[in-house]
Amino acid sequence: MRECVVSERDMACTDCMKASDFFIDKKGIKKRNWRTRIRYLLKITSSSSSSKCMAGRSYRPTVEEVNQWAQSLDKLLSHKYGKAAFRIFLKSEFCEENIEFWMACEEFRTITSLGKLSLMARSIYEEFIQCDAPKEINLDYQTKDAIVQSLRLPSLTCFLSAQKKVFNLMENNSYPRFIHSELYKELCAVARGEGKYLKS
């Protein structure tokens, strides 16, 4: 059975936010409205289901799949829809740099060309690691310095330590918040066919 594909291009489209896509919480903090993003994700996977999935295949996550996401961060990130939902949650809290760095590292470790490896290593460093990087992640000096040294002769493991630290940070911080969030509860309801906000 073929799986519905949610492309990086589709996920990028969920970044198109209007003023109405923001709200002010009880503490006066401006946050992104995740419901708009989830509705769009459901729409794009729905529209692709007829052409890319077998007939009768649901484009939404099953109850079993959504329940598995609460078992561990590993299981959440191993599921394409779960990873997309977690990324949407982090974007709603303006802290998506951790998952984006983790995803970049996953892609980096699949590179086979030495030339491409060097270019992407430099790109990851400039986007996430260096001081005042546009998506700078929180790393200690020793880890950053080790990465700088490894850039002289990049290997598939030069970001491994940093990736593990970021994974642990998400596992102990943002992941528990996601599992207890209204977004996750709504996805559970959608999987059961009871979604309050995300019904088509």
Side-chain angles (χ1 to χ4, degrees), residues 5-15 17 29-32 34 37-38 41 61 65-66 68-181 183-184 187:
V5 176
V6 180
S7 69
E8 290 299 319
R9 174 180 170 275
D10 289 332
M11 283 305 303
C13 288
T14 65
D15 289 332
M17 306 296 291
I29 299 173
K30 194 174 184 181
K31 293 188 176 183
R32 291 170 178 166
W34 52 261
R37 294 167 179 270
I38 289 293
L41 185 59
E65 287 169 338
V66 175
Q68 286 178 351
W69 300 350
Q71 295 176 12
S72 71
L73 180 57
D74 268 322
K75 289 192 175 181
L76 174 67
L77 296 181
S78 67
H79 190 277
K80 185 172 296 185
Y81 195 107
K83 181 167 61 179
F86 185 52
R87 189 178 179 188
I88 287 172
F89 171 75
L90 294 180
K91 283 178 178 291
S92 76
E93 297 200 334
F94 296 93
C95 58
E96 65 267 30
E97 65 276 359
N98 286 333
I99 185 64
E100 291 183 3
F101 171 72
W102 183 89
M103 291 169 63
C105 290
E106 288 293 288
E107 181 182 355
F108 178 78
R109 291 192 289 115
T110 66
I111 294 176
T112 55
S113 164
L114 290 178
K116 188 176 179 181
L117 191 75
S118 180
L119 288 174
M120 189 169 182
R122 174 58 60 177
S123 176
I124 291 175
Y125 173 77
E126 292 176 352
E127 185 173 9
F128 298 101
I129 308 296
Q130 72 179 8
C131 184
D132 295 325
K135 298 180 181 179
E136 186 177 3
I137 57 175
N138 187 16
L139 290 174
D140 57 87
Y141 171 79
Q142 288 80 7
T143 303
K144 284 189 173 185
D145 187 59
I147 291 173
V148 171
Q149 301 304 320
S150 70
L151 290 178
R152 298 173 181 173
L153 189 62
S155 70
L156 293 176
T157 60
C158 64
F159 295 107
L160 190 58
S161 177
Q163 186 183 16
K164 288 180 178 178
K165 289 177 184 293
V166 166
F167 181 91
N168 290 336
L169 181 64
M170 293 191 295
E171 186 175 43
N172 294 317
N173 191 347
S174 50
Y175 172 66
R177 293 203 310 275
F178 170 75
I179 294 303
H180 291 94
S181 70
L183 186 156
Y184 178 70
L187 286 172

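What's counted below: heavy atoms across the whole structure, side chains too, no hydrogens, waters or symmetry copies.
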Is a donor on one side and an acceptor on the other found under 3.5 Å between the side chain of Tyr125 and the backbone of Val148? no

NZ/NE/NH1/NH2 to OD/OE distance under 4.0 Å, Lys80 and Glu65: no

Closest heavy-atom pair, Met170 versus Leu73, reported as atoms and distance to 0.1 Å, is CB-CD2, 3.9 Å

Which heavy atom in Phe159 sits nearest to a heavy atom in Cys105, and how many Å separate them? CB-SG, 3.8 Å

Check whether any side-chain heavy atom of Asp140 sits under 4.5 Å from a side-chain heavy atom of Lys165, and report yes or no. yes

Please report the closest heavy-atom contact between Ala162 and Ile147, naming both atoms and the distance. CB-CD1, 3.8 Å

Test side-chain contact (heavy atoms from CB on, under 4.5 Å) on Asn98 and Phe101 and set out the steps. CA-CA 5 Å; Asn98 286 333; Phe101 171 72; 5.8 Å; no

His79 vs Trp69, test: side-chain contact (heavy atoms from CB on, under 4.5 Å). Steps then yes/no. CA-CA 8 Å; His79 190 277; Trp69 300 350; 3.6 Å; yes

Closest approach of Lys83 and Leu77, non-hydrogen atoms and distance? CD-O, 3.9 Å

All heavy atoms of Ala133 vs all of Glu126, minimum pair found to be CB-O, 3.3 Å

Between the NZ atom in Lys91 and the CD atom in Glu97, the distance rounded to the nearest 0.5 Å is 10.0 Å

Glu100 and Arg87 ion-paired at < 4.0 Å: yes

Would you please name every residue forming a ring pair (Phe, Tyr, Trp, His ring centres under 6.0 Å) with Phe178, sequence neighbours left out? Phe86, Phe89, Tyr184

Rounded distance (nearest 0.5 Å) linking atom OG1 of Thr157 with atom CD of Gln163: 11.0 Å

Distance col, row Asp74:CG vs Tyr175:OH, nearest 0.5 angstrom, shows 9.5 Å

Test side-chain contact (heavy atoms from CB on, under 4.5 Å) on Ile179 and Leu76 and set out the steps. CA-CA 10 Å; Ile179 294 303; Leu76 174 67; 5.6 Å; no

Could you list the donor-acceptor pairs under 3.5 angstrom formed between side-chain atoms of residues 110-118 and any protein atom two or more places apart in sequence or on another chain?
unit_1	atom_1	unit_2	atom_2	d
Thr110	OG1	Glu107	O	2.6
Ser113	OG	Gly115	N	3.4
Ser113	OG	Lys116	N	3.3

Exam field: side chain Asn173 to backbone Leu169, donor-acceptor pair closer than 3.5 Å: no

Heavy atoms only: give me the nearest Lys75-Gln68 pair and the separation to one decimal. CB-O, 3.6 Å

How long is the span from the CG atom in Leu183 to the OG atom in Ser181, to the nearest 0.5 Å? 5.0 Å

To the nearest 0.5 Å, how far apart are CD in Gln149 and CG in Asp145? 5.0 Å

To the nearest 0.5 Å, how far apart are NZ in Lys144 and CG in Asn138? 7.5 Å

